[in-house]
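For reference, the structure I am asking about is given below.
Side chains included, hydrogens not; waters and symmetry mates left out as well; all remaining heavy atoms used.
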Amino acid sequence: MKKIVLVDGNSIAYRAFFALPLLNNQKGEYTNAVYGFTTMLLKVLEMENPTHMLVAFDAGKETFRHQTYAAYKGTRQKTPSELSGQIPLIHDVLKAFSIPRYEAKSYEADDIIGTVARRAAKEDYKVVVVTGDKDLLQLVDQNIEVVLTKKGMSEVDRYDEAAIHERYGLTPTQIIDLKGLMGDSSDNIPGVPGVGEKTALKLLAQFEDVETVLASIDQVSGKKLKERLTENQEQARLSKKLATIFTDMPLEETLDAFTYTGYDEEQVRAVFRELSFHSLLERIGQGEAPEESSDFAPLPYEVVKKPEEKHFASPSALVVEMFAEHELQGDLIGMGVANENGRFFFPVDVALSSPLFQDFITSATVEKWLFSAKQSIVALEKRGLSLQGVTFDLQMASYLLDPSVSAEEVGDVAHRKEMKVVRSDEAVYGKGAKRHIPDEDELSEHVCRKASALYELKPLLANELAENKQDELFYELEMPLSLVLAKMECTGIKVDIAQLKAMGKDLSARIAVLEREIHAEAGVSFNINSPKQMGTILFETLALPPVKKTKTGYSTSADVLEKLRDAHPIIELILHYRQLVKLHSTYIEGLLKVVDATTHKVHTRFNQALTQTGRLSSADPNLQNIPIRLEEGRKIRKAFIASKPGWKIVAADYSQIELRVLAHICGDENMKRAFLEDMDIHTKTAMDVFGVSEQDVTSAMRRTAKAVNFGIVYGISDYGLSQNLGISRKEAKDFIDRYLVSYPKVKEYMEDVVTKARKKGYVETLLARRRYLPELNSRNFNQRSFAERTALNTPIQGTAADIIKMSMVQMDKRLQTSPLAATLLLQVHDELIFEVAKDDVASLKALVLEVMEHALPLDVPLKVDVSSGDSWYDAK
DNA sequence: CCCTACACGC
DNA sequence: GACGTACGTGTAGGGA
């Protein structure tokens, strides 16, 4: 049986555009409509398995309908440019799928579809029309079905004659009469004024079609309706005519011209790659994976047995290949170098035993370009080699150019630049249980391809940094910082294992007691760590009132439990249990797992190219979330001690750095004055928001004010604030409004920054760190609101990150040239942790204050609190 | 092996 | 008026 699928191109594109958020591909072109269109296409191909296929588009503006009725589609808004720009991309997709498209001057897509549908039906084809436009339902007959997309694009409704009758009580041809009576505002078809869908359906149920209705006006019930029908007879006839799809347009092609025999996977994959449709690439199957080396042009390289001068030209791209997730644990498995003389692979033993190679690594004057320099520095340091002369880090460059695209390996950057020369690590090494080191041929080629890509990509990204005016950020801040972080990671921080174990023992005992008590209260034994089981116990067995649901069941989160505190004694016990279990599993057991057994140190890894705001992150272990708020947890900090006898821990933290940055950026006089006079900012905010004097600020007011300040800094919404304070959203909004009245320039800044960001596409910090916010133009309220809050928040949080990073670089420099016996150990967003010889504590404190408070001069002073003690806990 | 829920910090 | 609401990392449970 022959089956033809007819797609209403414009309608589907239009629907997709409004159903999906504005996506873009790597080139910054919008692709949401293309994406939606393509997923629809794939679905249709899969479901219908057609022998013939055609996608129809509207051509030009004028159609024969305009000659009948000049105002046809007169009220329709101009197609947004974000959509019209995508139409050619949709054409590209169709071309790749080898699907014919059709457009004809002065006819609409509807007419093309109508004409082809009727002709095919006559020849006994099965016809399926795919559209978002209900008008096309009029085409349905025994051989013709219409598939209508629903709002979200993920679902469709399928109409045959029976389905139309069920939905409207009409035959397909009566759909035209329906339009004639009720009109269609989107096409500016008038219909009969005062007649909507309800009335029109009633009339048609009684009188069949428009002509019969008009001929029987006297039988119509309702005086007003009679009048309207009488007055608008001609308009009803015209409307019906306009709504009638033309099924007899001249068409030279025979149906054979629309034969569809399937698509060429390679072509489709190529266009998907072009459009960055990664999920769709996976969906159509891997086929010949794009990154298989057979796809690439051959790349000459040499496996070096005897290193020579020519292998080490300056500059060189250097790849220190490791087989590990973490730089501190894994084995080196090879070295790759690319430079003007070619590409070279060095087996590890060749490299490490060669004085020439060692000189290359340690020479500060031989320029080296790397991907994630810190990782290589740490790995080589562990083998006693001090990597010097690193002038470019490709990963860092990629991150600064656009922090939202994660580049985990050279191949990711190469791929973005359409440079198809390097395979992904996963393709070479495999993943999970199958991960392995390949034979030397494959390994050496992979490493050389990485080095080669690195060598070629460096100038491209260096250029982009310069164009963005991000050179200084890159060369003066992030590059030097990566060396400081490498040092910090290698140094590590000493942990008192005995102390941790003692705390663990105590916790285990108390957890066991709580566990028994909870089971006793519940009346049954269950796994308290399972939210699912706990939900059943609390809200079914004990029949407590459920407060909130998650998508898998009842929520048992702390804020829910807080609300149930008085309802049952078990709640208190559970909250306490959760607190202790968290401490035990994450902070005692978790930490003990990663402590070096011989040095008793933990070596966190700072990720310098990850967060969207410019902050660092810390992992294995994460030392940026060690408890502090509750005393119970804070005691964990007692286990972090200086690594040498007689040394102390010094902690220096910026006080209110984000709000100070905000005061500087927006220039609000009231806020600036608060900092210039060194007031307690939360009290000051409470005074302003509540309109009271300093002595009348209650602790509740201060708490509220603090939450509002917190909200400003983290860019939370009125809803978020209401959750934080346990108040209504209206009250929260009220607080924010009063806040903005007190600090008018903050309000101005909020509006300004969003407008500017919408225009430029990104926001930036004082040091030109960028974050792109394409969602500012989203029609999805949530996405747009989120982007707006981000636009306001990122320059604040990002600038604060810039400042503390500058402090770190400067502190490192000062410590190198000073006689102080002190080392920088950690950074926790607004805080630096050092260890220092006892006698140097005072001098270090003075130096830290001087450096941190003047790291970047603002219109308000930066304030730093410093303290010291035997442990991190005591430095408070 | 991946997802979800939860909880810790800033 | 609804919409689901900072950024990270780590642990445990639970279903494939």
Side-chain angles (χ1 to χ4, degrees), chain A residues 21 403-404 431-435 526-535 548-561 574-575 577-591 593-594 604-607 610-630 632-634 636-637 653-659 707 709-724 729-730 732 771 775 778-794 796-798 800-801 804 826-831 872:
Chain A
S404 71
K431 69 166 171 179
K434 293 198 199 87
R435 223 172 105 87
F526 68 103
N527 186 345
I528 310 172
N529 296 325
S530 161
K532 192 179 161 180
Q533 293 183 32
M534 189 189 293
K548 203 167 72 178
K549 288 203 132 197
T550 66
K551 51 185 150 180
T552 51
Y554 306 106
S555 169
T556 66
S557 62
D559 61 312
V560 168
L561 296 185
I574 290 171
L575 284 166
Y577 175 91
R578 282 244 178 100
Q579 190 199 337
L580 300 191
V581 163
K582 174 76 177 178
L583 291 178
H584 191 255
S585 63
T586 305
Y587 297 107
I588 304 284
E589 294 299 325
L591 219 41
K593 257 182 246 167
V594 290
T604 189
R605 289 175 305 121
F606 290 104
N607 198 332
L610 183 135
T611 70
Q612 301 304 298
T613 54
R615 279 184 169 184
L616 301 176
S617 80
S618 152
D620 305 311
N622 181 352
L623 294 180
Q624 291 183 323
N625 72 342
I626 303 299
I628 187 163
R629 286 188 169 137
L630 301 171
E632 187 91 55
R634 190 174 196 153
I636 300 281
R637 296 181 172 226
D653 66 290
Y654 279 110
S655 161
Q656 304 299 345
I657 186 167
E658 279 100 351
L659 289 174
N709 279 330
F710 176 89
I712 297 289
V713 166
Y714 287 120
I716 62 176
S717 58
D718 50 2
Y719 179 87
L721 181 63
S722 75
Q723 292 295 300
N724 269 344
R729 189 166 152 186
K730 163 113 184 33
R771 181 172 185 179
E775 284 95 356
S778 169
R779 283 161 316 284
N780 177 306
F781 176 87
N782 280 326
Q783 291 188 354
R784 193 177 59 247
S785 306
F786 178 50
E788 285 169 3
R789 296 200 303 274
T790 307
L792 154 79
N793 160 252
T794 297
I796 301 171
Q797 203 181 111
I804 194 159
L826 297 176
Q827 187 250 48
V828 190
H829 306 311
D830 63 355
E831 176 185 21
W872 194 1

Pairwise P distance, C:dG4 and B:dC8 [rounded to whole Å]: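 The same atom, P, in both gives a distance of 27 Å.
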
Contiguous Watson-Crick or G-U pair runs (3 or more, under 3.5 Å) in DNA chain C: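 If one scans DNA chain C for consecutive Watson-Crick or G-U pairs, the stems found are B:1-9 with C:7-15.
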
Whole angstrom value for the distance that separates C1' of C:dG8 from CZ of A:Arg605: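 After rounding, the gap between these two atoms is 14 Å.
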
Listed pairs, N/O of protein and of nucleotides 1-3 of chain C, under 3.5 Å:
residue, atom, partner, partner atom, Å
C:dC3, O3', A:Asn782, ND2, 3.1

Nearest non-hydrogen partners of A:Leu583 and A:Gly633, listed with the distance: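 Closest heavy-atom pair between A:Leu583 and A:Gly633: CD2-CA, 3.5 Å.
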
Euclidean distance for P, C:dG1 against B:dA7 (whole angstrom):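 Looking at atom P only, C:dG1 and B:dA7 are 34 Å apart.
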
Trace of the side-chain contact (heavy atoms from CB on, under 4.5 Å) decision for A:Phe710 with A:Leu721: CA-CA 9 Å; A:Phe710 176 89; A:Leu721 181 63; over 6 Å; no

Atom-to-atom span, CD of A:Glu658 to P of C:dC7 - whole angstrom: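 Distance, rounded to whole Å: 14 Å.
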
Span that lies between the C1' atom of B:dC6 and that of C:dC3, in whole angstrom: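 Taking atom C1' in both C:dC3 and B:dC6, they lie 24 Å apart.
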
Where A:Ile657 and A:Asp830 come nearest, the two heavy atoms and their spacing: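 Of all heavy-atom pairs spanning A:Ile657 and A:Asp830, the closest is CG2-CB, 4.1 Å.
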
Integer-rounded Å distance: B:dG9 P and A:Glu831 CD: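 Between P of B:dG9 and CD of A:Glu831: 12 Å.
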
For A:Tyr714, all residues meeting side chain to side chain donor-acceptor pair (under 3.5 Å), sequence neighbours excluded: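 A:Tyr714 satisfies side chain to side chain donor-acceptor pair (under 3.5 Å) with no residue once adjacent residues are dropped.
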
Rounded interatomic separation in angstrom, taking CD from A:Glu788 and P from C:dG4: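 These atoms are roughly 16 Å apart.
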
Smallest separation among heavy atoms of A:Ser555 and A:Thr550, with atom names: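 Scanning both residues, the minimum pair turns out to be CB-CG2, 3.6 Å.
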
Lys NZ or Arg CZ of A:Lys548 over A:Tyr554 ring: under 6.0 Å, within 45°: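 No, a cation-pi geometry is absent between A:Lys548 and A:Tyr554.
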
Any side-chain heavy-atom pair of A:Gln827 and A:Gln624 under 4.5 Å: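 Answer yes - side chains close enough.
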
Protein proximity profile, nucleotides 9-16 of chain C - base contact B, sugar-phosphate-only contact S, no contact -, cut-off 4.0 Å on heavy atoms: BBSSSSS-

C:dA6 and B:dC3, which share atom name C1', separated by this distance in whole Å: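 About 22 Å, rounded to a whole number of Å.
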
With A:Gln797, the side-chain hydrogen bond (donor to acceptor under 3.5 Å, both in side chains) member among A:Glu658, A:Arg615, A:His829: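 For A:Gln797, the side-chain hydrogen bond (donor to acceptor under 3.5 Å, both in side chains) check succeeds only for A:Arg615.
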
Shortest non-hydrogen separation from A:Gln612 to A:Ser404 and the atoms involved: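 Shortest heavy-atom separation between A:Gln612 and A:Ser404 comes out as OE1-CA, 3.2 Å.
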
Short side-chain N/O contact to B:dA7 OP1/OP2 from A:Arg578, under 4.0 Å: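 For A:Arg578, the contact criterion (side-chain N or O under 4.0 Å from OP1 or OP2 of B:dA7) is met.
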
Atom of A:Phe526, atom of A:Met534 and distance for their closest heavy-atom approach: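 Closest pair (atom of A:Phe526, atom of A:Met534, distance): CE1-CA, 3.9 Å.
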
Phosphate OP1/OP2 of C:dA6 contacted by A:Thr790 side-chain N/O (<4.0 Å):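 False: A:Thr790 side-chain N/O out of range (4.0 Å or more) of C:dA6 OP1/OP2.
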
A:Asn529 vs A:Tyr577 side-chain heavy atoms within contact, under 4.5 Å: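 In short, these two side chains touch, coming nearer than 4.5 Å.
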
For atom CD1 of A:Ile796 and atom P of B:dC10, their distance in whole Å: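 Spelled out: CD1 on A:Ile796 to P on B:dC10 is 19 Å.
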
Per A:Pro627 side chain, nearest of listed nucleotides C:dT5, B:dG9, B:dA5: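 Per side-chain heavy atoms of A:Pro627, the pick is B:dG9.
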
Pairs involving residues 578-587 of chain A, ordered by first then second residue, that meet salt bridge (charged side-chain N to carboxylate O under 4.0 Å, His left out) (sequence neighbours left out):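 For residues 578-587 of chain A, and leaving out neighbouring residues, there are no salt bridge (charged side-chain N to carboxylate O under 4.0 Å, His left out) pairs at all.
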
Minimum-distance nucleotide to A:Tyr719 side chain [options: C:dG8, B:dA5, C:dT5]: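 Selected nucleotide (nearest to the side chain): C:dT5.
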
Atom-to-atom span, CZ of A:Arg784 to C1' of C:dT5 - whole angstrom: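 For the pair A:Arg784 CZ and C:dT5 C1', the rounded distance is 14 Å.
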
Atom-to-atom span, CG of A:Asp718 to P of C:dA6 - whole angstrom: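 In whole Å, C:dA6 P lies 12 Å from A:Asp718 CG.
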
Nucleotide C:dC7, atom P - distance to CG of A:Asn793 in whole Å: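 Interatomic distance, CG of A:Asn793 to P of C:dC7: 8 Å.
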
Contact under 4.0 Å: A:Arg629 side-chain N or O vs B:dG9 OP1/OP2: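 Indeed, a polar side-chain atom of A:Arg629 lies that close.
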
Nearest non-hydrogen partners of A:Thr613 and A:Arg771, listed with the distance: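 Heavy-atom minimum between the residues: CG2-NH1, 3.8 Å.
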
Below 3.5 Å is the cut-off: list the nitrogen or oxygen pairs between protein and nucleotides 1-3 of chain B, distance only.
residue, atom, partner, partner atom, Å
B:dC1, OP1, A:Ala433, N, 3.4

Distance-only polar pair, side chains of A:Asp559 and A:Ser557, donor-acceptor under 3.5 Å: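 Their side chains do contain a donor-acceptor pair, which is all the 3.5 Å distance test asks for.
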
Short side-chain N/O contact to C:dA6 OP1/OP2 from A:Ser717, under 4.0 Å: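 No, no such contact exists.
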
